[in-house]
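Report on the structure given below.
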Amino acid sequence: MRVSVSYLTSKDITNDLRKLNVTNADYIHVDVMDGKFVKGKTLAFKHLKNIHKYTSKRLDVHLMVKKPLKYIDDYATLNTEFITVHVENKDVNKALDLIASYGIKKGISLKPDTDIDMLIPYLDKVDLILIMSVVPGKGGQEFMEESFERVKKIKKLLKDHKSKALISIDGGINDEIAKKLKDVDILVSGNYVISGNDFQYQIYKLRGN
Ligand code: DX5
Ligand code: ZN
């Protein structure tokens, strides 16, 4: 099980990124919010583009924005493994094609109340499905229990469509919830890791060892 750490609730991003860099976290999850697609708003790219000074981890970029096409070129210049766009956006296919043109893995995410069948048209072209287990917009929220059932349904959907996309889950993940998500490929966790004194210990607990 891979772990991707979100620094959305960090009060000292550069210091926390340095601390995460010496853990065995697999990715840094970069939440990008425009204040339109979701309520929250994050730092502009010009402030984030020096992230490589603080982390050598690969980035898992989550675009919670109305117009993802405007953001992809910038985030593609970083040490980026995945760029994920939302299925509720317009121009999803164009965004996925643009991500692919950079050789970056393509992800698609859906909000907790979005019909999972909306994923179907994209299943043969995405590398990752990012299941939101909170209403996106801020970190530190409580995991929505109905997400367990959605993970099962999405797993079945992938199987039925012979898709090899990875499954990632994002929002409210802690060690207790992680125990019930053994069949997920990537756990995204923010507040649970960042609020701990020892980031590596929190990550061990998420992985269940
Ligand atoms: C929610 C974000 C998540 C969130 C994860 O809008 O997409 O990535 O920050 O953080 P926690 O684990 O604090 O819910
Ligand atoms: Zn996220």
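Since this is a predicted model, take the numbers as computed values, not measurements. Start at 1 and go down the list; that is how both ligands and their atoms are numbered.
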Tell me the contacting part of [X] for ligand 1: side chain, backbone, both, or neither, using a 4.0 Å heavy-atom threshold, strictly below.
X: Pro136; value: both
X: Asn191; value: both
X: Met64; value: side chain

Write out the residue and atom name of the closest protein heavy atom to [atom], then the distance separating them to 0.1 Å.
atom: atom 13 (O) of ligand 1; value: Gly140 N, 2.7 Å
atom: atom 1 (C) of ligand 1; value: Lys138 O, 3.6 Å
atom: atom 4 (C) of ligand 1; value: Asp170 OD1, 3.7 Å

Exercise for review: Return a yes/no value for Met33: is any of its N or O atoms, backbone included, closer than 3.5 angstrom to an N or O of ligand 1?
Suggested key: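 Min N/O separation from ligand 1 is not below 3.5 Å for Met33.
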**Study point:** Heteroatom proximity flag, Thr9 to ligand 1, N/O under 3.5 Å
**Key:**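 No: no nitrogen or oxygen of Thr9 is under 3.5 Å from one in ligand 1.
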Practice item. Not counting sequence neighbours, which residues clear side-chain contact (heavy atoms from CB on, under 4.5 Å) with Tyr54? List them please. Key: Thr14, Leu17, Arg18
Review point. Tell me, which N, O or S atom in His62 is closest to the Zn ion (ligand 2)?
Key: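 Among the N, O or S atoms of His62, the one closest to the Zn ion (ligand 2) is ND1.
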**Study point:** the Zn ion (ligand 2) - name of the N/O/S atom of Asp31 that sits closest to it
**Key:**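 Result for Asp31 and the Zn ion (ligand 2): OD1.
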**Study point:** Derivation and outcome, salt bridge (charged side-chain N to carboxylate O under 4.0 Å, His left out), residues Asp34 and Lys66
**Key:** CA-CA 7 Å; Asp34 64 355; Lys66 219 170 164 183; over 6 Å; no
